[in-house]
Amino acid sequence: MSLIVQKFGGTSVGDAERIRTVADYVARTRRAGNDVVVVVSAMGKTTDELIRLADDVSGVQPPREYDMLVSSGERISTSLLSMALAEQGVVAASFTGSQAGILTDTDHTRAKILEVRADRLRDALSAGTVPVVAGFQGVSTERDVTTLGRGGSDTTAVALAAVLGADACEIYTDVTGVFSADPRVVPEAHRLPRISFEEMLEIAATGGRVLQLRSVEFARNHHVPLHVRSSFTWEPGTWVVEEEESMEQAVVTAVTHDTSEAKVTVAGVPDRPGVAALLFRALADRSVNVDMIVQNTSLHGTTDISFTVPRVDLAASVEVTSGLAGELGSTGVTSDDDVARVSVIGAGMKSHPGVTATMFETLARAGINIDMISTSTIRISCMVRAGEVERAVRVLHEAFDLA
Ligand code: ADP
Ligand code: ASP
Ligand code: MG
């Protein structure tokens, strides 16, 4: 008998019929002799709607209250799915993140899981019950409800799979797996039957939202077998596997894009030791995750520093940076949220020179200007105008023959 964690995303439980379809599938998995733990997201666009509602109600949103609000969507899905399972004759019980023993730090809206005290889930499993757990949430060391960042139900599922020693963690979504590009932007993109953790981390970190980045990190660290697949066709999808198991290394595996970042420029700072340290320590202290950083060569002893941050952190970043402008000796801080990032990813890049050149040539031919560049051993990212990013993905997908 296997233990399988099955996670269903928002679209997968988007309405009553979808919830019944999912219940039917879980029931069949159970009848086939498996133990199942289910993790669900909020129905459809519920989380977005709750966030919009909060924006309509108040410009002041204490993070504790924000988490209390947005975590409620998942709670609805767990109870409804448990009822649908009951109708199928399957004994199921809903659990909030807190009831499931998911203990987090106190960093509201992007809390990290510290520990999973899974006794209640284990008891439920031994009693033959299917636990249906609310994704995306936990309870902090201060006993407040927390959420794990957008897309966080993936991380809930992987964390439960790790702590329960599940044989597989299945992430059911609205596409049939991980593709060579977002299939909504590149219809010719192809599904990857297997992908290495290394590449999946880069895809998740650069906008391929099919798996939350933290879930991939967690799965890799705890050796959780991860299978991304469709809750519409139920066909086998993409296995995320250890490097050595993956197929021969393609030079470029996927092209991703990310429209969730913005750029901040600190102009005219003196080119001397300590300036960058002061700036980025202050941002780190506000929990801002800085991504690309570019510092121009100095002219007459001063330089500009540009960096990107998550768009949701733009206001805080500008506030922190402007507050430091005097101390930094800067002539001014500007921001730009009309930017987006396009990235090409492939483990084979390590041993194949020329990918960067092909990427730049392709963008140049398409008349797309590159604003900033960053690289890792298996990724090249370029900042471009937001309005051009989807075209950039398409021309690169074609240039690297990924169709
Ligand atoms: P869920 O609600 O099931 O968690 P998400 O919307 O979070 O689903 O993630 C699935 C979506 O991720 C797909 O609908 C697809 O548009 C998008 N996506 C972006 N990049 C990729 C990719 N490389 N492969 C597959 N899907 C991708
Ligand atoms: N409902 C949450 C979100 O929309 C979590 C998730 O779907 O994974 O971000
Ligand atoms: Mg998701």
Side-chain angles (χ1 to χ4, degrees), residues 6-14 18 22 39-52 66-67 69-78 97 102 109-111 133-138 146-159 169-193 195 199-216 226 228-233 237-238 240 252-260 312 340-346 389-390 393-394 396-397 402:
Q6 298 187 326
K7 178 258 169 177
F8 297 92
T11 320
S12 303
V13 292
R18 288 293 320 164
V22 165
V39 174
V40 276
S41 292
M43 294 171 68
K45 297 254 168 271
T46 301
T47 310
D48 292 331
E49 282 157 18
L50 291 169
I51 293 171
R52 207 171 311 126
Y66 175 97
D67 276 352
L69 175 73
V70 297
S71 63
S72 66
E74 269 67 14
R75 191 166 174 156
I76 296 173
S77 313
T78 55
I102 295 173
T109 77
R110 51 181 150 206
V133 181
F136 175 54
Q137 55 182 272
T146 50
T147 61
L148 309 177
R150 297 305 306 267
S153 300
D154 298 332
T155 303
T156 305
V158 173
C169 181
E170 301 180 332
I171 305 288
Y172 288 91
T173 184
D174 55 6
V175 286
T176 57
V178 180
F179 281 69
S180 53
D182 186 341
R184 287 174 209 256
V185 173
V186 185
E188 314 76 61
H190 72 281
R191 183 176 57 79
L192 305 159
I195 187 164
E199 290 170 312
M200 192 64 233
L201 281 170
E202 293 282 6
I203 291 177
T206 56
R209 71 198 152 95
V210 62
L211 286 176
Q212 195 197 33
L213 176 58
R214 277 205 197 140
S215 73
V216 188
L226 204 54
V228 182
R229 49 192 304 190
S230 163
S231 70
F232 289 80
T233 66
T238 301
V240 188
V252 171
T253 305
V255 183
T256 59
H257 68 291
D258 188 354
T259 53
S260 70
V312 288
R341 174 157 62 149
V342 60
S343 307
V344 300
I345 290 141
V389 76
E390 294 197 355
V393 173
R394 284 190 284 268
L396 289 168
H397 194 268
L402 294 177

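Owing to the predicted nature of the structure, the values given are computational and were not obtained by experimental measurement. Indexing begins at 1, ligand by ligand and atom by atom, following the structure's order. The figures here come from the full heavy-atom set of this structure, side chains too, leaving out hydrogens, waters and symmetry mates.
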Please state which protein non-hydrogen atom is closest to [atom] and give its distance, to 0.1 Å?
| atom | answer |
| --- | --- |
| atom 14 (O) of ligand 1 | R184 NH2, 2.6 Å |
| atom 7 (O) of ligand 1 | R209 O, 3.6 Å |
| atom 24 (N) of ligand 1 | F179 N, 2.8 Å |
| atom 25 (C) of ligand 1 | G177 O, 3.3 Å |
| atom 7 (O) of ligand 2 | S41 OG, 3.2 Å |
| atom 3 (O) of ligand 1 | T173 OG1, 2.7 Å |
| atom 3 (C) of ligand 2 | R150 NE, 3.3 Å |
| atom 15 (C) of ligand 1 | D182 OD1, 3.4 Å |
| atom 2 (O) of ligand 1 | G10 N, 3.1 Å |

Do [X] and [Y] make a side-chain contact, defined as non-hydrogen atoms from C-beta onward lying under 4.5 Å apart?
| X | Y | value |
| --- | --- | --- |
| I171 | F8 | no |
| V342 | L396 | yes |
| M43 | I76 | yes |
| S12 | R18 | yes |

Q. Looking at V255, T253, T206, V393, which one forms a side chain to side chain contact (heavy atoms under 4.5 Å, CB included) with V344?
A. V255
Q | Sub-4.0 Å atoms of ligand 2 with respect to non-hydrogen atoms of E74 | A | 1 (N), 2 (C), 5 (C)
Q) What atoms of ligand 2 come closer than 4.0 angstrom to any heavy atom of S153? A) 5 (C), 6 (C), 8 (O)
Q.
What I want to find out is whether E170 reaches R229 closely enough, with some N-O distance under 4.0 Å, to be called a salt bridge.
A. yes
Q) With the threshold set at 4.0 Å, does a side-chain nitrogen-carboxylate oxygen contact exist between D174 and R184? A) yes
Q. Do H397 and S180 pass the side-chain hydrogen bond (donor to acceptor under 3.5 Å, both in side chains) test, and can you show the C-alpha distance, the side-chain angles, and the key distance before you say yes or no?
A. CA-CA 8 Å; H397 194 268; S180 53; 2.7 Å; yes
Q. Is there at least one pair of N or O atoms, one from G151 and one from ligand 2, spaced under 3.5 Å apart?
A. yes
Q: Please say whether T47 places an N or O atom under 3.5 Å from an N or O atom belonging to ligand 2.
A: yes
Does a donor on one side chain and an acceptor on the other come within less than 3.5 Å for [X] and [Y]?
| X | Y | result |
| --- | --- | --- |
| R341 | T259 | no |
| T176 | S230 | no |
| T147 | D67 | yes |

Q: Using non-hydrogen atoms of the residue, decide whether G135 is closer than 4.0 angstrom to ligand 2.
A: no
Where's the contact between [X] and ligand 1, heavy-atom distance under 4.0 Å: side chain, backbone, both or neither?
| X | result |
| --- | --- |
| V175 | side chain |
| A181 | backbone |
| K7 | side chain |

Q) Does atom CZ of R394 have more than 12 heavy-atom neighbours, drawn from other residues, nucleotides or ligands, at distances under 6.0 Å? A) yes
Q: Using a strict cut-off of 4.0 Å, indicate which atoms of ligand 1 neighbour a heavy atom of P183.
A: 25 (C), 26 (N), 27 (C)
Q | Best match, D154, D174, V210, V178: closest heavy atom to atom 13 (C) of ligand 1 | A | D174
